[in-house]
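So you know, we letter chains A, B, ... as the sequences are listed, proteins then strands, and number each from 1.
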4 protein chains.
Amino acid sequence: MGVAATTAVLGQTRRRSRFDRRLARILEHATNIFCDKGYERASMRDLSRACAMSLAGLYYYFDSKERLLYLIEKELFERVTELLDQKLPATTDPEQRVRLFIENHITFFLAKQKAMKVLAQEDDVLTGNMGSEIAAIKRDYYRRCTELLEELRCAKGLHFKSRSIAMALFGAMNCLHTWYNPKVDSPPRLLAKEISDIFLCGVYAKNGSASI
Amino acid sequence: MGVAATTAVLGQTRRRSRFDRRLARILEHATNIFCDKGYERASMRDLSRACAMSLAGLYYYFDSKERLLYLIEKELFERVTELLDQKLPATTDPEQRVRLFIENHITFFLAKQKAMKVLAQEDDVLTGNMGSEIAAIKRDYYRRCTELLEELRCAKGLHFKSRSIAMALFGAMNCLHTWYNPKVDSPPRLLAKEISDIFLCGVYAKNGSASI
Amino acid sequence: MGVAATTAVLGQTRRRSRFDRRLARILEHATNIFCDKGYERASMRDLSRACAMSLAGLYYYFDSKERLLYLIEKELFERVTELLDQKLPATTDPEQRVRLFIENHITFFLAKQKAMKVLAQEDDVLTGNMGSEIAAIKRDYYRRCTELLEELRCAKGLHFKSRSIAMALFGAMNCLHTWYNPKVDSPPRLLAKEISDIFLCGVYAKNGSASI
Amino acid sequence: MGVAATTAVLGQTRRRSRFDRRLARILEHATNIFCDKGYERASMRDLSRACAMSLAGLYYYFDSKERLLYLIEKELFERVTELLDQKLPATTDPEQRVRLFIENHITFFLAKQKAMKVLAQEDDVLTGNMGSEIAAIKRDYYRRCTELLEELRCAKGLHFKSRSIAMALFGAMNCLHTWYNPKVDSPPRLLAKEISDIFLCGVYAKNGSASI
DNA sequence: GATGAATGAGGTTTCATTCAT
DNA sequence: TATGAATGAAACCTCATTCAT
């Protein structure tokens with residue numbers, strides 16, 4: 001953490017929240033810059049300009065460039081998971097639950113298209129503890145999708161490899177950022193439905209014959 | 001281009017081919033390194049070590065790191081297109097042609113998983129002429145897929161947005177490199193069939209209702 | 001000097017002494033840190049952490065890192081000189097006076113082994129006025145030792161160069177901090193006697209022949 | 001090691017020795033600068049100026065500033081040990097061997113007064129492998145002195161703690177750099193004799209009574 | 001064809017210090 | 001008295017690239 005963490009004794013909400021608000025603003029700028037130029041090509045000076053702050057001033061809020069990426073990625077997964085946890089209990093129908101996962105993922109990441117790109121493109125850059133922590137979070141998130149598919153498969157007695165379907169599905173969803181254009185493409189919720197339809201119909205239709 | 005361009009012009013076949021063989025070897029090493037560390041994090045010294053060659057020596061074969069990436073990407077698309085052009089005339093059935101495209105893409109890139117990753121991850125780094133040239137090549141390649149889908153749609157009177165399907169399909173295919181493991185997953189040709197099935201069945205099954 | 005100098009002038013004893021007590025505590029922490037990490041490698045943040053105080057807060061008590069070192073060194077010499085002045089009048093025997101000097105030096109600095117190390121290792125860092133003031137103080141202190149040796153030489157009609165002996169003696173004494181270990185080595189007073197014996201016996205024994 | 005180490009395949013004496021000569025020159029400049037300003041205060045830019053070379057150019061010859069210090073310290077000990085090994089076999093008389101050690105140490109380090117100061121002042125800065133390697137070398141060198149004193153003690157049946165004498169002796173010798181002035185003080189060989197006399201006479205004279 | 005040696009530009013990070021509050 | 005927040009300067013180091021040989 002940045003310098004401030006060391007002196008952050010008090011629970012003075014005002015102060016603490018000012019720090020958090022500032023940090024959040026920095027993370028937003030960082031997300032934009034990492035998205036536009038890529039993590040490595042983005043320099044801390046770029047960020048300092050975007051934040052209208054001195055280079056040294058930035059480091060009051062975090063330790064290192066690497067941790068910026070870590071914070072961005074971690075928060076993203078925390079938020080999308082949180083939303084998922086709110087929505088998922090609403091239904092017990094396996095198909096609806098899969099559709100819910102897809103919709104949650106697509107609407108969340110399309111709302112944060114830039115962050116999505118950062119996440120997709122800067123996959124291996126985090127190393128050490130931060131790297132393995134993010135990797136674990138990602139794995140968990142993917143596993144949840146696989147499990148929902150597995151539920152569906154069991155419930156309907158279908159034949160397919162949940163892992164493969166999940167991977168193809170994530171491939172399709174996570175690459176949206178490379179081509180999605182709100183002006184010509186369907187709005188997020190509809191797009192989510194369309195993709196769900198393709199995958200679910202595909203899965204149902206070929207049932208009994210080959211298995212993926 | 002490097003110094004050698006002069007000799008290349010002379011048409012001295014012997015020289016030219018030795019040059020080409022050496023360059024090809026360098027491009028292979030570069031592909032591995034770019035894949036493992038990412039384009040920006042990979043240094044020319046890493047490459048010189050891998051090639052057991054001096055830094056200055058490398059520059060005889062190309063004139064900038066950026067061009068290395070350009071050459072890698074360009075050759076990849078040239079090869080995959082070449083193969084496609086050989087196979088596609090074999091059939092006129094629209095569905096078979098789509099399946100052929102998918103199989104060609106997946107088997108080619110799974111055989112060159114590292115190159116695939118480079119292509120997927122270093123999307124925006126090329127700038128200027130090289131950047132736009134590669135972008136044009138990519139666009140053409142994508143358009144071919146879209147056109148094949150369009151052929152199918154017309155032939156069968158289906159309702160779907162070819163562009164969206166193509167994009168989802170490319171997403172699914174291009175992310176294979178992040179999870180594909182030859183030891184646990186289906187071999188390339190079978191995997192291609194499975195993915196084709198999902199998408200085509202999906203498209204057929206939902207026809208008439210919603211369209212993607 | 002820090003802001004507090006203004007209040008100090010007012011002669012407000014209460015304030016002044018609280019200020020002094022706080023400053024003394026800071027100097028102790030600074031001594032430890034300078035000893036452990038070296039003056040340059042020790043950061044003001046290290047000190048702020050040790051003092052459980054904010055960085056800005058520290059600067060109320062002094063106006064620069066350099067002055068911290070100055071204050072440490074100055075106080076050290078003031079104290080050791082003060083003690084010497086108390087003890088020295090007790091005897092007029094030249095040999096006893098030399099022994100007294102040695103004992104005073106060794107017991108004082110072994111009691112403050114960390115300060116001793118700071119003094120020995122950060123010799124040239126002070127510049128400007130503070131630098132020359134400390135240099136003068138050191139020179140005076142060294143001169144006193146030389147003068148005591150000179151007294152001895154004259155009184156006993158010996159032949160040796162007091163300056164050289166003094167320097168060798170200080171070398172031996174000031175490097176104690178690098179190896180002295182209270183658990184295995186003689187206690188300070190005995191160690192002082194042993195070193196005195198070596199130097200004095202050495203000086204007596206070789207008298208008449210060569211001179212140092 | 002510097003960049004060059006990686007490509008240094010060949011035993012081409014001409015090339016290799018040019019590299020070595022350049023590196024040696026850099027180490028000399030570094031020694032002067034580290035001596036004058038201290039290791040931490042000396043910047044690589046200072047060194048680049050002294051060497052009339054670009055900053056990046058310097059790094060062709062070594063890895064890091066830390067390794068510069070390591071190389072300086074290591075070479076110093078290697079040289080002084082080498083010289084000692086040449087001289088020591090010349091005599092078997094224990095006293096002469098101790099005198100030889102002292103003379104070798106003093107003449108060597110007084111000839112390289114600046115290096116001596118670097119060695120004395122930058123004691124703890126090396127960390128990790130380099131740090132422990134140098135520490136081991138130093139310990140060995142000190143142990144040799146202690147062993148020579150021990151030989152003397154046994155041969156003459158004297159009573160003193162070799163370790164303490166060695167430490168006081170090194171203290172006296174290693175601080176020479178702080179005051180030795182070739183214009184007013186005895187030349188190195190004579191100074192060595194004088195210091196030897198003091199310590200040996202001191203040791204002989206007080207034998208039977210107290211022991212150090 | 002190939003290399004040893006060199007460089008300018010730029011990277012991230014740390015530092016002592018300040019100032020409004 | 002004390003602090004949170006900020007800063008300019010400078011640190012070490014790496015990079016892609018070049019050029020005489």
Nearest nucleotide by nearest heavy atom, which residue falls closer to the 5' end of DNA chain F, Ser64(D) or Arg22(A)? Arg22(A)
Should Lys117(D) and Asp124(C) be marked as a salt bridge (Lys or Arg N to Asp or Glu O under 4.0 Å) after you check the CA-CA gap, both sets of side-chain angles, and the distance that decides it? CA-CA 12 Å; Lys117(D) 191 175 165 194; Asp124(C) 302 337; 2.8 Å; yes
When rounded to whole Å, the CZ to P distance for the pair Arg45(A) and dT14(E) reads 15 Å
Sorted by position of nearest nucleotide on DNA chain E, 5' first, the leading residue of Leu55(B) and Ala42(C) is Leu55(B)
Atom CG of Leu23(A) and atom P of dA5(F) are separated, to the nearest Å, by 11 Å
Over how many whole Å does the gap from Arg49(B) atom CZ to dG4(E) atom C1' extend? 16 Å
Ala56(D) side chain, from C-beta outward: closest of dG4(F), dC15(E), dT14(F): dT14(F)
May I ask you to evaluate whether Arg18(C) reaches the phosphate of dT1(F), defined as a side-chain N or O under 4.0 Å from OP1 or OP2? yes
Could you tell me the separation between the CG atom of Asp20(D) and the C1' atom of dG4(E), rounded to a whole number of Å? 14 Å
Before accepting this row, confirm whether a basic side-chain N of the pair Arg41(A)/Asp36(A) lies closer than 4.0 Å to the acidic partner's carboxylate O. no
Under the side-chain contact (heavy atoms from CB on, under 4.5 Å) test against Phe34(C), which residue among Leu119(C), Leu69(C), Val125(C), Leu47(C) passes? Leu69(C)
Quick one, Arg21(A) and Arg25(A) - any side-chain contact, counting heavy atoms below 4.5 Å? no
How close or far is atom P of dT12(E) from atom CZ of Arg67(A), stated in whole angstroms? 17 Å
For Ser43(B), answer base if it contacts any base atom (sugar-phosphate contacts may also be present), sugar-phosphate if it contacts only those atoms, and nothing otherwise; contact means non-hydrogen atoms under 4.0 Å. sugar-phosphate
For atom OH of Tyr59(D) and atom P of dG10(E), their distance in whole Å: 19 Å
Less than 4.0 angstrom between a side-chain N/O of Tyr61(C) and OP1 or OP2 of dA2(F), yes or no? yes
Rounded to whole Å, how long is the line connecting atom CZ of Phe62(C) with atom P of dT17(E)? 8 Å
Could you check whether Gln121(A) and Tyr39(A), counting side-chain N and O atoms only, form a donor-acceptor pair closer than 3.5 Å? no
Watson-Crick or G-U counterpart of dT12(E), or none if no pair lies under 3.5 Å: dA11(F)
Taking only residues two or more places apart in sequence or in another chain, which ones pass salt bridge (charged side-chain N to carboxylate O under 4.0 Å, His left out) with Arg49(D)? Asp46(D)
Which of these nucleotides, dA6(E), dG11(E), dA16(E), is closest to any side-chain atom of Met53(D)? dA6(E)
Need to verify one output field. Residue with the more 5' nearest nucleotide on DNA chain F, Met44(B) or Glu40(D)? Glu40(D)
Looking only at side-chain N and O atoms, does Tyr60(C) come under 4.0 Å of OP1 or OP2 in dA2(F)? no
Opposite nucleotide pairing with dT18(E), Watson-Crick or G-U, both atom distances under 3.5 Å: dA5(F)
Would you kindly compare Glu66(C) and Lys65(A) by the position of their nearest DNA chain E nucleotide and give the one closer to the 5′ end? Lys65(A)
Please work out if Ala52(C) contacts a base, only the sugar-phosphate, or nothing of the nucleic acid, heavy-atom cut-off 4.0 Å. nothing
From CG of Asp63(B) over to P of dT17(F), roughly how many Å is that when rounded to an integer? 8 Å
